[in-house]
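Single-structure report; data block below.
What you are looking at is a predicted structure, and each value in this text was computed from that prediction instead of being measured.
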Amino acid sequence: RQRVQVSCFEEFIVALPSSHILEAFDRIAEPIFGQIEVLQGQNESLSQARDLLLPRLMNGEVEV
C-alpha cells in the first residue's frame, strides 16, 4: 500500500472562491445546516422514545 509523502503537501495549492461565491454558498447552506440540526434533535427524541417504549411493548405492558 503506497502512501503520499508529507513533502507533497508543502506546495499544495488550493483555489479559494471569491467572497461573492462564499456568501452565495452560505445563503444556500445555512438553512440546510439548520434543518440538519432540527432533524438530529428529532432523531434523538425518537430514539429516546423507542428505548423507553420498546421494552414495555416486549413485556406486554403496552398494547398496540
E44/Q48 under side-chain hydrogen bond (donor to acceptor under 3.5 Å, both in side chains): CA gap, chis, key distance, verdict = CA-CA 6 Å; E44 181 63 30; Q48 290 174 359; 3.2 Å; yes

message = Applying side-chain contact (heavy atoms from CB on, under 4.5 Å) to S47 and R50, what does each step give before you reach the verdict?
response = CA-CA 5 Å; S47 294; R50 177 205 59 213; 4.0 Å; yes

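Around the CD atom of Q35, the shell of radius 6.0 Å holds no more than 12 heavy atoms that belong to other residues, nucleotides or ligands.
Note: I21 CD1 to D26 CG = 13.5 Å, rounded to the nearest 0.5 Å. Rounded to the nearest 0.5 angstrom, L39 CG and L46 CG are separated by 10.5 Å. How far CZ of R27 is from CG of L22: 11.0 Å, rounded to the nearest 0.5 Å.
V6 and F12 end up in different hydrophobic clusters when Ile, Leu, Val, Met, Phe, Trp and Tyr side chains are linked at under 4.5 Å. The hydrophobic cluster containing I28 also contains F33, counting ILVMFWY residues as joined when their side-chain heavy atoms lie under 4.5 angstrom apart, directly or transitively.
What you find for L57 and V62 is that their closest heavy atoms are CD1-O, 3.4 Å. Pairing each heavy atom of A15 with each of P17, the nearest pair is O-CD, 3.9 Å.
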